[in-house]
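In what follows, a single structure is set out as structure tokens and then discussed.
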Amino acid sequence: MEITRIGSGLGDPAAIEALMPELLAFDTVVNRASGLGADFDPIPEDLRHSLTSTSRYRTTLTWIGRIDGVIVAKGVAELRLTSNTDTAEVWCGVHPDHRRRGLGSALLTVMENELRAEGRTALSSYCEIPESVRVAELRGAHLPTETGAGTLPVAVPEVAFLHRRGYGFAQIERCAVAPTATAAGLDLGADADDYVIETWRGPVPEQRLEHIALLKRRMSTDTPGAERFGGEESWDGERVSALDEEKKVRGEEMATALALLDGEPAGFTQVGHSADRPAVGWQGGTLVRREHRGHRLGARLKVANHRSLAERTAVERVYTWNAVENSWMLAINDQAGFSTWAWVGLWTKNRR
Ligand SMILES: CC(C)(COP(=O)(O)OP(=O)(O)OC[C@H]1O[C@@H](n2cnc3c(N)ncnc32)[C@H](O)[C@@H]1OP(=O)(O)O)[C@@H](O)C(=O)NCCC(=O)NCCS
């Protein structure tokens, strides 16, 4: 297998454009083989972004493996550039017709070695296992996470692969999907307190940039298990604006709900949706600051955001991810009509 690497924004634009259809076809085949469904097919603008972005905050490295000129494997590493510069989130996929011949291992080894040489020693990875696949393996042996919360069947190729490559199974998240209208209709009753919830769609308004930056900083430290995936992320208003600008270029819009108490940010939640697949929403981060927990703000924020989506966008269903430790949020999501779609294993490997 011949392996080449593209750093985002560093390739020849014409060559990247020429490569796009081939990579899109490869990503689609890998997704279809996974059983995750067409909602998870690659979005052309996201793929283009991963190859061409020149953001000063994040970058993507893409490795392409070919046999006889045809793409048989692809690896991706997401790198942060202004904080957590020793970390990388890696993923690789092999064409279903070429699996179990050592190609995944060969590609991941090249990726890990190159990343290590560039100072990226704290690696994380993930695998997404549809509920139907997990259920089919219920009788076989299961691997528990390091904290003991949740298991995945060892016979699933992606689980066997990451385990075999020396990754530790850190955490499991449930991916669930709900019709927007059901979640928007959840009646939480009234809350007798002074929290105010604002919603908007599109870029963060000027006067809220620093609020969102603060909440995003906290997101990197104040969520279950966050410390395993790196330290505090540096966020300021400028970075929040830059991210909005990137999303605009990709045809992606965010719907945001922000909770305020006396003008101070208490929590937020965001759902992204893309012009390319307007019926589908992707739950982004949700955070309630530690000092504001216990007021049902997580649920109130989510319901407000779903209402805003139902009233003002074409989003029909939303996918969400929750750590299985977060039983309180899972219960709220169940009430809001979410049903399990997949299980995501989060893995870490230290190469220092
Ligand atoms: C995970 C994936 C990349 C493995 O690619 P691959 O080329 O088949 O992997 P390899 O042949 O290098 O396998 C390496 C080891 O992983 C384990 N493994 C891989 N597939 C397995 C399977 N179907 N059953 C059991 N073990 C398996 C074995 O231990 C294997 O070593 P062995 O063949 O010496 O027993 C491939 O299944 C894939 O593309 N899955 C979809 C993408 C994805 O979810 N990636 C997440 C992980 S980054």
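Excluded from the calculations below are hydrogen atoms, water molecules and symmetry mates; all remaining heavy atoms, backbone and side chain alike, are included.
Residues C175 and E128 are not in side-chain contact: their nearest non-hydrogen atoms beyond the backbone lie 4.5 Å or more apart. The closest side-chain heavy-atom distance from L261 to E291 is not below 4.5 Å. Looking at R165 and T109, their side chains come closer than 4.5 Å, going by heavy atoms from C-beta outward. At least one side-chain heavy atom of L260 sits under 4.5 Å from a side-chain heavy atom of H211. Here the side chains of H295 and D191 are not in contact, with every heavy-atom distance at 4.5 Å or above. Annotation: side chain of F268 is in contact with side chain of K216 (closest heavy-atom distance under 4.5 Å). A heavy-atom distance below 4.5 Å is found between the side chains of K302 and M329. Inter-residue side-chain proximity for K74 and T62 is flagged as met; some heavy-atom pair is nearer than 4.5 Å.
Within the 3.5 Å criterion, the main-chain N or O of L188 finds a donor-acceptor partner in the side chain of R296. Remark: side-chain polar atoms of S50 are not paired, donor with acceptor, to backbone N or O of T60 under 3.5 angstrom. One N or O on the side chain of T180 and one on the backbone of E316 form a donor-acceptor pair closer than 3.5 Å. With hydrogens and angles ignored, the 3.5 Å screen pairs a side-chain donor or acceptor of R289 with a backbone N or O of P265. Within the 3.5 Å criterion, the main-chain N or O of E232 finds no donor-acceptor partner in the side chain of R217.
Within 6.0 Å of atom CG in D68, 12 or fewer heavy atoms from other residues, nucleotides or ligands are found, so the atom counts as exposed in its surroundings. A 6.0 Å sphere centred on CD of E311 holds more than 12 heavy atoms belonging to other residues, nucleotides or ligands. Around the NE2 atom of H163, the shell of radius 6.0 Å holds no more than 12 heavy atoms that belong to other residues, nucleotides or ligands. For CG of D12, the number of neighbouring non-hydrogen atoms (other residues, nucleotides, ligands) closer than 6.0 Å is greater than 12.
For the atom pair CG of L162 and SG of C92, the computed distance is 7.5 Å after rounding to the nearest 0.5 Å. Note that CG of L23 is 10.0 Å distant from OG1 of T28, once rounded to the nearest 0.5 Å. Rounded to the nearest 0.5 Å, atoms NE2 (H142) and CZ (F169) are 9.5 Å apart. For the atom pair W321 CH2 and T286 OG1, the distance stands at 11.5 Å (nearest 0.5 Å). The distance from the CH2 atom of W235 to the OG1 atom of T82 is 8.5 Å, given to the nearest 0.5 Å. Here OH of Y195 is found 5.5 Å from CG of L297. Values are rounded to the nearest 0.5 Å.
When all heavy atoms of R134 and I129 are compared, the closest pair comes out as N-CG2, 4.1 Å. A170 and E146 make their closest contact through CA-OE1, 3.8 Å (heavy atoms, listed as atom of the first residue, atom of the second, distance). When all heavy atoms of L107 and A73 are compared, the closest pair comes out as CD2-CB, 3.9 Å. Minimum interatomic distance between R352 and D86 (heavy atoms only, all atoms of both residues): NH1-OD2, 3.4 Å. Closest approach of A213 and G237 over heavy atoms only: CB-N, 3.8 Å. The nearest pair of heavy atoms linking T85 to L81 is CG2-O, 3.5 Å.
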Notebook entry, point to check: Can you list the steps and then say if E137 with V159 is a side chain to side chain contact (heavy atoms under 4.5 Å, CB included)?
Noted result: CA-CA 12 Å; E137 296 287 351; V159 174; over 6 Å; no
Notebook entry, point to check: When you look at E238 and R56, which way does the side chain to side chain contact (heavy atoms under 4.5 Å, CB included) test go after all the steps?
Noted result: CA-CA 11 Å; E238 203 181 321; R56 68 185 183 87; 3.1 Å; yes
Next item on the list: Show your working on side chain to side chain contact (heavy atoms under 4.5 Å, CB included) between V94 and F161 and close with a plain yes or no.
Entry: CA-CA 12 Å; V94 172; F161 177 74; over 6 Å; no
Margin query: I'd like to know whether N113 forms a side chain to side chain contact (heavy atoms under 4.5 Å, CB included) with R351, so could you lay out the CA-CA distance, the side-chain angles of the two residues, the decisive distance to 0.1 Å, and finally the verdict.
Written below: CA-CA 9 Å; N113 288 343; R351 300 205 69 234; 3.4 Å; yes
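Inspection of the S124 and E89 side chains reveals no N or O donor paired with an N or O acceptor under 3.5 Å. Between the side chains of Q283 and T269, at least one donor N or O lies within less than 3.5 Å of an accepting N or O. In this model, a donor atom of one side chain and an acceptor atom of the other lie less than 3.5 Å apart for E131 and W343. Counted by atom type alone, S83 and E233 present one or more donor-acceptor pairs between their side chains at under 3.5 Å.
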Would you give me the side-chain donor-acceptor pairs under 3.5 Å for residues 196-206, sequence neighbours excluded?
residue: E198; atom: OE1; partner: R208; partner atom: NE; Å: 3.0
residue: E198; atom: OE2; partner: R208; partner atom: NE; Å: 3.4
residue: E198; atom: OE2; partner: R208; partner atom: NH2; Å: 2.6
residue: R201; atom: NH1; partner: S308; partner atom: OG; Å: 2.8

Between side-chain atoms of residues 32-42 and protein atoms elsewhere (two or more places apart, or another chain), which donor-acceptor pairs fall under 3.5 Å?
residue: R32; atom: NE; partner: D41; partner atom: OD1; Å: 3.1
residue: R32; atom: NE; partner: D41; partner atom: OD2; Å: 3.2
residue: R32; atom: NH2; partner: D41; partner atom: OD2; Å: 2.4
residue: S34; atom: OG; partner: N31; partner atom: O; Å: 2.5
residue: S34; atom: OG; partner: N31; partner atom: OD1; Å: 3.4
residue: S34; atom: OG; partner: L36; partner atom: N; Å: 3.1
residue: D39; atom: OD1; partner: R317; partner atom: NH2; Å: 3.0
residue: D39; atom: OD2; partner: R317; partner atom: NE; Å: 2.8
residue: D39; atom: OD2; partner: R317; partner atom: NH2; Å: 3.4
residue: D39; atom: OD2; partner: Y319; partner atom: OH; Å: 2.6
residue: D41; atom: OD1; partner: N31; partner atom: ND2; Å: 2.8

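Between E45 and R250 there is no salt bridge, since no side-chain N of the basic residue sits under 4.0 Å from a carboxylate O of the acidic one. Note on D46 versus R277: no salt bridge recorded, every NZ/NE/NH1/NH2 to OD/OE distance being 4.0 Å or above. Under a 4.0 Å N-O distance rule, the pair R120/E112 does not qualify as a salt bridge. Looking at D334 and R174, a side-chain N of the basic residue comes within less than 4.0 Å of a carboxylate O on the acidic one, giving a salt bridge. Of the charged side-chain nitrogens involved, at least one lies within less than 4.0 Å of a carboxylate oxygen, so that E22 and R66 count as a salt-bridged pair.
In this structure, H306 and F338 have perpendicular ring planes: the angle between them is above 60°, well past the 30° mark.
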